[in-house]
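Here the structure is a predicted model, which is why all the values come from computation and not from measurement.
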Amino acid sequence: MTFQPASPFRAPEQVAFHRTELNMILSLYGRMVAAGEWRDYGMSHLRDVAVFSVFRRTAENPLYKIEKRPKLRLRQGQYAVIGMDGQILKRGNDLRQVLRVLERKLIRAVD
């Protein structure tokens, strides 16, 4: 067996959110925390998907998961917001548009 060094053109070992994507997500997260809706978050970076999970309490299951699956960018879209029950609330290639489904909940929370 021969050793082959990693190629700079190889796909990354795991999917991660880019800084601009995280800025959008954390901006929404901060507003929801200020409104008293969300309390904690968790991030997972796996081989095929990056997940930002939002919790009302740390010990609970996530209220929402924001997923990035680059392999789906040419199909349904690489970003998705998934509810607690596993239902896909919004999917697309524009993260700002996908996050709007959660911003509507912020408007209701403030009223």
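- Linking ILVMFWY side-chain heavy atoms closer than 4.5 Å, directly or via other members, places M43 and L46 in two distinct hydrophobic clusters.
- Although no hydrogens or angles enter the test, the distance criterion places a donor-acceptor pair under 3.5 Å between the side chain of K68 and the main chain of A16.
- The two residues Q14 and H45 make their nearest non-hydrogen contact at OE1-O, 3.3 Å.
- In terms of modelled atom types and a separation under 3.5 Å, the side chain of Q97 and the main chain of D94 share no donor-acceptor contact.
- Both Y29 and L22 are part of a single hydrophobic cluster, where members link through side-chain heavy atoms under 4.5 Å apart.
- F17 CZ to Y79 OH: the interatomic distance, rounded to the nearest 0.5 Å, is 8.0 Å.
- Taking CZ of R91 as the start and CG of L72 as the end, the distance is 6.0 Å to the nearest 0.5 Å.
- The CD1 atom of I66 sits 14.0 Å away from the NZ atom of K90 when rounded to the nearest 0.5 Å.
- Rounding to the nearest 0.5 angstrom, the gap separating the CZ atom in F52 from the CG atom in L99 is 10.0 Å.
- Nearest approach of V98 to V101, heavy atoms of both residues: O-CG1, 3.3 Å.
- Inter-residue side-chain proximity for I82 and I88 is flagged as met; some heavy-atom pair is nearer than 4.5 Å.
- The structure places CG of N61 at 7.5 Å from CE of M84, a figure rounded to the nearest 0.5 Å.
- No chain of hydrophobic side-chain contacts below 4.5 Å, direct or via other Ile, Leu, Val, Met, Phe, Trp or Tyr residues, connects I25 to V51.
- Within the 4.5 Å cutoff, the side chain of L95 has heavy atoms near those of the E21 side chain.
- In this structure, the side chain of R73 does not engage the main chain of R69 through any donor-acceptor pair within 3.5 Å.
- In this structure, L102 is a member of the same hydrophobic cluster as V33, with clusters built from ILVMFWY side-chain heavy atoms closer than 4.5 Å.
- Rounding to the nearest 0.5 Å gives a distance of 8.5 Å between CE of M32 and CG of L63.
- When all heavy atoms of Q87 and D85 are compared, the pair lying nearest together is N-OD1, 3.1 Å.
- Ionic pairing of R31 and E103 is present here: one or more N-O contacts between side-chain nitrogen and carboxylate oxygen are shorter than 4.0 angstrom.
- When atom types are taken as modelled, the side chain of N93 and the backbone of Q78 share a donor-acceptor pair closer than 3.5 angstrom.
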